[in-house]
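I have placed the structure first, in the form of structure tokens, so that the comments after it can refer back to it.
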Amino acid sequence: MAFMNSSSPHQRQRRTTSQIMVMVILCLIPGVFLQSYFFGIGNLLQITLASVVALGSEALILKLRKRPVLRSLKDGSALLTGLLIAVSIPPLSPWWIVVIGTAFAVIFVKQLYGGLGQNLFNPAMAAYVVLLISFPVQMTSWIPVQSLHPFSLTFMDQLSAFLSGFTLDGYTVAQLSVSIDGLTMATPLDTARNALHSGFTITEMLNSAEFKASSAQAIQWVNVGFLFGGLILLYKRIIQWYIPAAFLAGLVSFSFIAFAYNPDLNISPLFHIFSGATMLGAFFILTDPVTAATTVKGRIFYGLLVALIVVIIRNIGGYPDAVAFAVLLGNMCVPLIDYYTQPKVYGGRA
Amino acid sequence: MTTQPINLLSEEQLAQISSGKQWTFHGGVHPQENKIQSSGSAICDAGIPEFLVIGIEHKGHSPEMLVKVGDPVLKGQALTKVYGAMVVQHASSSGIVHAIEKRTDLHPSGLPVLSVVIKTDGLDRSIAYNKPDNFRDAPSVTLIETIQHAGIVGLGGAGFPSHLKLSHSDGIKLLIINAAECEPYITADDRLMQEHAQEIFQGIEVLEHILQPKLIVIAVEDNKPQAVEALQLALQKMHLTLRAELIIRTIPTLYPSGSEKQLIEIITGRQTPLGKHPTELGIVMQNVGTVFAVKEAVVDGKPLTSRIVTLTGDALRKKGNASVRIGTPIQYLLDKYQLNSETAQKLIIGGPMMGFSISHGDIPVTKTCNCILAPTVQEIPAPSAEMSCIRCGECAHACPASLLPQQLLWYSQSKDHDKLDDYNLSACIECGACAFVCPSNIPLVEYYRVAKAEINTAEQEAKKAETARIRHKNREARLEQAKIDRQAKHKQAAEKRKQQLKEKNGGEDLIAAALARAKAKKADSAAGENSEQADTPKSAAAAAVARAKAKKAALAEAASESSATGTADKPKNDAVAAAVARAKAKKAAQAQQDSQSDVAEETQLDPKKAAVAAAIARAKAKKAAQAQQDSQSDIAEETQVDPKKAAVAAAVARAKAKKAAAQQNSETAEPEEAPSDPKKAAVAAAVAKAKAKKAASANADQPDNSAVTAAREKRKEQARLHKQEKQQLANEAVKNSLDTALDKNSTAAEDRKAKIAAAVAKAKARQTAQKDQ
Amino acid sequence: MIISIAIAILTLGILGALFGSLLGYSSIRFKVKEDPIVEELDAILPQTQCGQCGYPGCKPYAQAIANGEEINKCPPGGQAVMLQLAERMGIEPQALDGEEKPKLVAFIREDQCIGCTKCIQACPVDAIIGSTRQMHTVISDECTGCELCVAPCPTDCIDMNPIALTTQNWQWDLNRIPTKINTEL
Amino acid sequence: MNQQVEEIESQQTAEAEQGIYKELMYQGLWKNNPGIVQLLGLCPLLAVSNTLTNALGLGLATLFVLTASNSLISLIRNHVPKTIRIPVFVMIIASLVSCIQLLMNAFIYELYLSLGIFIPLIVTNCIIIGRAEAFASKNTVKHAAFDGLMMGLGFSAVLVLLGASREILAQGTLFDGIETLLGDWAQFLTVTLYHTDTSFLLAALPPGAFIIMGLIIALKNSIDQKAEK
């Protein structure tokens, strides 16, 4: 009688990589829901298109690389990348933005490095940076929250804007981002930066009509949504607490230092925490296992490093949000961090 | 290894341990325990199978045997002598030694080792165990020897000889009895403690006497409450006379707490330094099963002939623990415990975490086999497809050695041995916790094992290369010295010869030498065909003919050599003389054949007369050869053959000799002749071959040439020329070989000429080779 | 004008003299007598001493490589050694000259050995023992598998066998576990 | 008889000469292309290839310097002590580059401005010093000059390819600003392939240059692999 041979251990824990990816995708739902509640269903359109492009380009490259296509698609990593891109770009940016971004992420940042597990940079963030520096206008045109809209946007309006750049009535997205008062809309961080550049203090900015009309509130809520999803991830032990905790703690403390030094010119820690892509970054992007540090000490250090870069760029940099840049810079340091934070091996020298 | 007192456990630490403090180790996992299936039923005897297979090889070394095939053996009888640090192996039941041969070992490789196969008689008679005196009066050295002679190795799984662990007894502070049994499914130790608690304590007494520790800790995982209870009950009943303090410590269930180093950390909070043994800390650990075996050996005088094996898994209809004789085939146990066979099933030796799979059941149980796990496919499915590592770090969390498995995987795949060392691959205990948690189903442990084996091989090879380098250097130095000595001695002779060479260095050139070599080679194969034709009827007669021819050829060769001096100046190619020689040789051969075949027939008809017949045949052959030699030597005076021909002839002769030798080997009708004749044929062939070589090319024995260099160059250049001229020479060579088969007269002078030619050819070849580069 | 030119020339001259003497000093002070690269190359080579490279041993070949000989002449070392040599020498890898064979070990068929000692003389690492008219034996642990003993043997009684797979040198190749050999049980 | 032999010999040498030139051409343009195989001179290659005009300008300048420096160095190769050859080479190259710089400054000032620092930086371009050391210092003038020409052409070809791809991707044009290089008559060369309000800035920025360069190298390798099969 013959028996099968296989390597030990024969017993295995039953959680697979695909399940992890699916869990992460599911935990994005609260944030996505809040986003579409405040900004219209544009982001759902983006998600749909991004998913299709992500899977399509992944399949294409896998086929070219002569790898098993279906098995790799099933791991859900491409889908997750597409989703993250879709939720980070403005909801009504034209369709080709998300197409270029997603294809770039999957083909250049992930597959050309060797596919899942081999990429040095976070695909979603690399794509975001590419889009931001290539198409700064489109990438910063956040429409106001729906309640502040001068026009009510129907589904067809949004679809049309998404596909052609114009609503059914012929308004451009740029026109849409002008609020009732005729002020151009921007994200709170953008507004803050512009205000500082024009010589206002933070307090003045916070009280300005411009800021009040901005989507600050909405973005705070979206951040709460992502925080909620992230907590589920933590609870389900999909991610470990080191990176988010270190990142958020770092963000608070570094920004507090700057804030304490000059409260007029530096935004407060609270503002940092609940604006921009902070929560999305803390729980969904920094924790991407492939590109983050893997040792415990390394993870903490990585979180702190990214937080530091975020604060620096937000406070004195040229771009409104900084998570994407900070993550990429952090990614570069990961091999070094990992090398110098190796744990003490059992019985080994410290 | 010197024990550094710095690392030893201090008194405070011992006090902390005995006060009940516990530590933890990094990582660890909680696999499904699955122990209830087998822990409920009492240990039973597995019975006596028809054959017992007891492996006696240890790490490639085989000890001296005390039995031989056909010997009757009794249970407990030693099969081997003590050999180095190896333990003695014993027969585990009575019967007869059936065979001593290589049989599949209980090892993941499934490779065979030298084993003693015993055909049992079912009586299970044992030798008379002589109960030793009270062990407390014996010195520990004697007890350790007793343990070695009883064949006791670590029964927990690693199989490390126990006497070695006990012999480092200086400064031992702590004895840990490992009863953690952290692997899922296995309950052998659990049952042992429940049923033989008293014996275990007796064994502890023995170990305490040997090691003199300050503290003894029995470590049991908290999933074995009955075992702990049984131990405590026994402790109350017995009146132990221990000088050391004894503690029964329950530890939390966490895999792999039963691993030696991890258990030490749980109990003492100390880590064994990398690459060191726990004795460094003053700790000795013994498995509870080993303790039981020590008791049997020292108190009862019984050697280790059986062990407790857990038979479990859903594919077995009966489950439980059995006392199994060492060497019992696993198939026997599977039959007894009613295996439900299905396709794609696995059979695991040991637990599901560290055990290995075997591919068939005809493998014997060894001393390290603590569990036979026969799961159904649903229970332990085939591993799913491996996916890419996403560096999630789960493995680093689970690793009890605090390694970074994801980095190790990366470097294992790229075979970067230096990096693997940087990341301390050697600290990996192969517990499988990393692969257990891996969401991408990567068989991490397998990668590490392969990498470890590769590193090991590379180290061995490096070591071997270093030895080779040194030996080569020494040899070169020796040869150099010898050369200098010889040169001084033979300076005169060399001078003289040089003079001679100068005179004779005339007509020969590169091509001649090359031709000679090529022909010699061709002739070799052609002659092979030729003799095959002659020998087609594969009878004794044919063999005899071949043999005779070989002998004749060889002798003729010898004769021509001896009588051919001074003929160099004679005119070339006396065709007539050669023809006469050939004719004579043929005639002689014919006569030889007749006589030989007669004898051979006789031999076949009456094998008993073989010896006589062989003797006659030999004598006749000799006579015929003598005649041949005479005639040959006459002609040799006049015959002048160029070295080409000589080479060819020699080659043919050699080929024939080989053929004859081969035939001889296959022949079984002449038992008397067989041993004597091949030797002769071999000698003949040797002579012939030596000549062929001498004639054909540069000589390795030439005294003022470095033998080694010459041989090397020769080979290189030969190959080159051979390739170049192969085509055009093939036909010619075949033709020549047939004609000149029996013309074998060569002279010393011609030899020298050939040598010079070859040397020239060699030089030229080298030159061209260099140019090519 | 002339002064500034003179200053420039003077400064450059002094600097030149300074650096020149520094260079001169270091070339004497840090002179390396034997090319250390030979030792390193020798350490890379497999030490079979088989002479297939055309040199009488590994050290001479290492010496030759240091002097510009090609690095592809070591079939026993195979691709791996060639690549290491290429890396050490900082040159392009070359296609291996000759075939890479599995590692072998010599074995003397004892019944045919006539005790001629020819193989003993041929062995570059003294791995064959025996004396005239006595049977010879290969110390298989010392044998480098160079095959130099095969050619001189007059009775062709030396075989080159692949190294046997045992539980000691098994490389955890689970897919190639030998099929069962016990049929009798 | 002798004449015949000489004839045959000269024929043979002529053939061999031709073979050498062929080989040099193959090496410079494809097999050992300085841009995509040796990866030399990447700094200017990536920095100024944002438009075809810039690429062409720098390519021509490098081509000229390379050819001239190779010829000069080959001329003096037997008169330079081995130990100080590199400084001598650099000196020659620097002089040549200065000439080019002054020429560009005089005749194509706008291009001179847009190429900026990368013209003087040609001195440090590893292709030039590399070819001087590896080839020109060991070969005859004719061969060295031809080698310089081919290497320069190979480099320029890569530059042009890269410049064209980047210009198309970023601006949708080709030969934009060509008049700064060739004079006003060349304005008709400027082609607009497509109009866009939102140019793909990435292609115009250095990261884009790296990415496109990588793709070109990949393309070259895949062609080689196909040819091998």
Side-chain angles (χ1 to χ4, degrees), chain A residues 1-21 23 67-68 71-72 74-77 80 110 114-119 237-240 242-243 287-296 298-299 334-335 338-339 341-350, chain B residues 25-26 29 31-32 184 261 265 271-274 276 331 341 344-348 350 352-361 375 380 382-385 387-393 396-397 400-404 406-407 423-424 427 430 432-433 435-441 443 445-446 449:
Chain A
M1 193 187 312
F3 299 97
M4 292 273 289
N5 267 319
S6 70
S7 164
S8 71
H10 306 278
Q11 211 177 21
R12 298 232 180 205
Q13 209 170 46
R14 313 244 175 217
R15 195 161 76 190
T16 65
T17 300
S18 320
Q19 284 165 346
I20 291 177
M21 295 290 174
M23 271 309 290
R67 299 290 158 97
R71 211 175 83 198
S72 300
K74 269 193 202 150
D75 66 30
S77 57
L80 180 59
K110 186 176 161 200
L116 179 63
Q118 314 283 313
N119 47 310
R237 300 180 140 267
I238 303 282
I239 57 174
Q240 285 152 352
Y242 309 108
I243 292 180
T287 54
D288 166 29
V290 178
T291 53
T294 57
T295 61
V296 171
R299 284 180 168 168
V334 160
D338 271 349
Y339 185 81
T341 55
Q342 286 179 49
K344 175 183 167 290
V345 174
Y346 179 100
R349 298 163 302 276
Chain B
F25 60 91
H26 175 265
V29 291
Q32 269 198 314
K261 291 181 170 179
E265 195 173 0
Q271 294 188 344
T272 317
L274 258 187
K276 297 281 169 70
Q331 192 60 52
S341 44
Q345 197 174 17
K346 285 203 259 188
L347 185 59
I348 298 163
M353 295 298 286
M354 286 185 80
F356 55 89
S357 61
I358 54 174
S359 53
H360 59 90
I380 292 184
S384 26
M387 292 164 75
S388 316
C389 169
I390 56 166
R391 295 161 54 80
C392 63
H397 260 272
S402 303
L403 294 166
L404 292 176
Q406 74 275 25
Q407 305 290 61
Y423 282 92
N424 295 304
E430 300 176 21
F436 175 79
V437 297
C438 180
S440 288
N441 289 314
V445 183
E446 183 64 16
R449 286 190 186 124

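Just so we're on the same page: letters track the sequence lines, and every chain starts at 1. Just so it is clear, the values below take in all heavy atoms, side chains as well, and ignore hydrogens, waters and symmetry mates. Bear in mind that the values here come from a model prediction, so they are computed numbers and not experimental data.
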The interface call for H26(B) against chain A, heavy-atom contacts under 4.5 Å, is neither
Working to the nearest 0.5 angstrom, can you tell me the gap between I390(B) CD1 and T294(A) OG1? 12.0 Å
Do side-chain atoms of Y346(A) reach the backbone of K261(B) as a donor and acceptor pair under 3.5 angstrom? yes
Just give me the residue among S6(A), P9(A), P343(A) that pairs up with chain B most often, heavy atom to heavy atom, under 4.5 Å. P9(A)
From CG (N5(A)) to OG (S359(B)), nearest 0.5 Å: 5.0 Å
Output the distance between atom SG (C392(B)) and atom CD1 (I238(A)), rounded to the nearest 0.5 Å. 10.5 Å
Minimum heavy-atom distance L116(A)-S388(B), with the two atoms named: O-CB, 3.1 Å
Heavy-atom pairs under 4.5 Å with chain A: which of G350(B), P31(B), P352(B) has the most? P352(B)
Interatomic distance, Q32(B) atom CD to Q13(A) atom CD [nearest 0.5 angstrom]: 11.0 Å
Is Y242(A) in contact with chain B via its backbone, its side chain, both, or neither, using a 4.5 Å heavy-atom distance? side chain
Atom pair NZ (K344(A)) and CD (Q271(B)), whose distance is rounded to the nearest 0.5 Å: 4.0 Å
Is D75(A) close to chain B through its backbone or its side chain, or both, or neither, when contacts mean heavy atoms under 4.5 Å? both
If you count heavy-atom pairs within less than 4.5 Å of chain A, which of M387(B), E430(B), Q407(B) leads? M387(B)
Considering only heavy atoms, which portion of R237(A) lies under 4.5 Å from any heavy atom of chain B: side chain, backbone, both, or neither? backbone
Can you tell which part of C389(B) gets under 4.5 Å to a heavy atom of chain A, answering side chain, backbone, both or neither? backbone
Measure across K346(B) and F3(A) and return the closest heavy-atom pair with its distance rounded to 0.1 Å. C-CD2, 4.1 Å
So, for A382(B) and M4(A), which heavy atoms are closest and what is the spacing to 0.1 Å? CB-CE, 4.5 Å
Which bit of L347(B) is near chain A, if near means a heavy-atom gap under 4.5 Å: side chain, backbone, both or neither? both
Answer with side chain, backbone, both or neither: which region of Q406(B) has an atom nearer than 4.5 Å to a non-hydrogen atom of chain A? side chain
Could you tell me which portion of M353(B) (side chain, backbone, both or neither) has an atom closer than 4.5 angstrom to a non-hydrogen atom of chain A? both
Part of P383(B) lying under 4.5 Å from any heavy atom of chain A: side chain
Distance from H10(A) atom NE2 to I348(B) atom CD1, nearest 0.5 Å? 4.0 Å
Side chain from CB out, backbone as N, CA, C, O: work out which of these in Q240(A) comes under 4.5 Å of a heavy atom of chain B, or both, or neither. side chain
With a 3.5 Å distance limit and no angle check, can you tell me whether S8(A) reaches the backbone of F356(B) through a side-chain donor-acceptor pair? no
In terms of heavy-atom pairs under 4.5 Å with chain A, the winner among V445(B), V29(B), I358(B), L403(B) is I358(B)
Minimum heavy-atom separation for R391(B) and G117(A), please, with both atom names. CD-O, 4.1 Å
Let me know if P184(B) has heavy atoms under 4.5 Å from chain A in its side chain, its backbone, both or neither. side chain
Where is the tightest heavy-atom contact between R12(A) and P443(B), given as atom of each residue plus distance? NH2-CA, 3.7 Å
Report the option among G393(B), A435(B), C438(B), A396(B) that has the most heavy-atom pairs separated by less than 4.5 Å from atoms of chain A. A435(B)
